Amino acid sequence: MDRYLVFGHPVRHSKSPFIHTLFARQTQQELEYGLAEPAVDEFAQALRTFFDQGGKGCNVTVPFKEQAFTLVDRLSPRAKRAGAVNTIKLTDDGVLLGDNTDGAGLVADLKSHGVTLADSRILLLGAGGAARGALAPLLAELPSELVIANRTHAKAQQLAAEFHDLGPVTAQTYELLAGPFDLVINSTSASLQGELPPLAPALIHTDIAIYDMMYGASDTAFIGWAKQQGARQTMDGLGMLVEQAAEAFTVWRGIRPGTKQVLRELKRNLGVI
Ligand code: ATR
């Protein structure tokens with residue numbers, strides 16, 4: 001049977017096996033999908049061993065995405081832009097192809113929630129790996145403006161300069177942000193520590209769409225805060241997780257699984273509904 005897995009550390013709580021097993025059942029593909037948690041300095045060896053032993057493809061998550069970028073034979077254009085790899089496929093001619101489906105997953109999830117990106121003013125919070133992966137797919141949707149704000153402003157400036165050729169992207173400090181924005185995407189890891197990015201409450205209005213790439217069984221700190229400020233449309237990163245997985249599954253198997261039912265089952269599994 002064709003074998004796939006996700007590399008991460010820690011990875012025990014990953015939902016990827018659950019999601020891909022449902023995709024396989026739905027599309028009648030024969031495959032198995034597992035977990036691998038190599039020591040941080042043993043990822044390269046573990047990856048080699050997996051493919052030497054007949055593995056067909058894998059996902060890569062924290063903290064291995066940047067390392068995976070350097071280990072594959074070939075990069076997709078979107079992985080090259082993201083500077084990170086979350087999906088690897090062994091091609092029929094034996095080449096390890098590195099891809100990145102995170103940004104496509106974000107855009108697909110935003111669209112599935114009915115969020116309009118074309119001609120919109122987008123605020124992206126954070127300038128780490130998650131922001132980098134989102135930039136090219138967001139700019140491809142032709143927003144009127146995309147502003148990056150980050151605690152360390154120089155990193156936002158550097159990202160804006162790097163993606164400037166793809167669209168109207170600029171950097172601004174949190175203090176000097178000027179609204180109104182149609183959509184705020186939180187790519188920071190602040191919610192992990194129960195913290196908030198230092199965003200002025202006045203930037204949140206009732207018609208703004210709020211997206212947090214993080215997710216949990218209850219509202220993330222950022223979503224809870226945005227709701228308190230009056231935001232009516234809030235979305236967490238669970239949908240992005242399922243959509244990036246669907247994109248990876250499509251890369252591997254050449255067949256696109258449906259995501260609606262799988263997202264519903266995942267929510268049930270997490271106790272969200
Ligand atoms: P990831 O790969 O998830 O993007 P990362 O590359 O470590 O992780 O980036 C984390 C991002 O969250 C950074 O933009 C970080 O800001 P700095 O560049 O200033 O470090 C941001 N971040 C983390 N904790 C934060 C907090 N409490 N408030 C605001 N931003 C925070």
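Excluded from the calculations below are hydrogen atoms, water molecules and symmetry mates; all remaining heavy atoms, backbone and side chain alike, are included. For ligands, and for the atoms within them, numbers begin at 1 and follow the listed sequence. These numbers come from a predicted model, not from an experiment.
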Open item on the list: Does atom CD (E37) have a neighbourhood of more than 12 heavy atoms from anything else shown, all under 6.0 Å?
Closed with: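 Enclosed: over 12 neighbouring heavy atoms sit under 6.0 Å from CD of E37.
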- [ ] Could you pull out all residues at least two apart from F23 that satisfy ring pair (Phe, Tyr, Trp, His ring centres under 6.0 Å)?
- [x]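 Applying ring pair (Phe, Tyr, Trp, His ring centres under 6.0 Å) to F23 gives H20, F249.
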Which atom pairs, one a donor and one an acceptor, fall under 3.5 Å between side chains of residues 161-169 and the rest of the protein, sequence neighbours left out?
residue: E162; atom: OE1; partner: R132; partner atom: NH1; Å: 3.4
residue: E162; atom: OE2; partner: R132; partner atom: NH1; Å: 2.4
residue: D165; atom: OD1; partner: R81; partner atom: NH2; Å: 3.2
residue: D165; atom: OD2; partner: R81; partner atom: NH2; Å: 2.5

Open item on the list: Applying the side-chain hydrogen bond (donor to acceptor under 3.5 Å, both in side chains) criterion to R78, which one of N100, D99, D102 satisfies it?
Closed with: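 When N100, D99, D102 are each tested with R78, the side-chain hydrogen bond (donor to acceptor under 3.5 Å, both in side chains) holds only for D99.
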Open item on the list: How long is the straight-line distance from CD1 of I185 back to CG of L146, given to the nearest 0.5 Å?
Closed with: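 Taking CG in L146 and CD1 in I185, the distance rounds to 7.0 Å.
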- [ ] Using the test side chain to side chain contact (heavy atoms under 4.5 Å, CB included), find all partners of D2 that sit at least two apart in sequence or belong to another chain.
- [x]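 D2 satisfies side chain to side chain contact (heavy atoms under 4.5 Å, CB included) with Y4, L31, K56, R253 only.
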Ligand 1: protein N/O within less than 3.5 Å of ligand N/O:
residue: ligand 1; atom: 2 (O); partner: G129; partner atom: N; Å: 3.4
residue: ligand 1; atom: 4 (O); partner: G129; partner atom: N; Å: 3.1
residue: ligand 1; atom: 4 (O); partner: A130; partner atom: N; Å: 2.9
residue: ligand 1; atom: 6 (O); partner: G129; partner atom: N; Å: 3.1
residue: ligand 1; atom: 12 (O); partner: S189; partner atom: N; Å: 3.2
residue: ligand 1; atom: 14 (O); partner: A127; partner atom: N; Å: 2.9
residue: ligand 1; atom: 14 (O); partner: N150; partner atom: OD1; Å: 2.7
residue: ligand 1; atom: 16 (O); partner: N150; partner atom: OD1; Å: 3.2
residue: ligand 1; atom: 18 (O); partner: N150; partner atom: ND2; Å: 2.8
residue: ligand 1; atom: 18 (O); partner: K155; partner atom: NZ; Å: 2.7
residue: ligand 1; atom: 19 (O); partner: R151; partner atom: NE; Å: 3.1
residue: ligand 1; atom: 19 (O); partner: T152; partner atom: N; Å: 3.0
residue: ligand 1; atom: 19 (O); partner: T152; partner atom: OG1; Å: 2.6
residue: ligand 1; atom: 20 (O); partner: R151; partner atom: NH2; Å: 2.9
residue: ligand 1; atom: 27 (N); partner: E195; partner atom: OE1; Å: 2.5

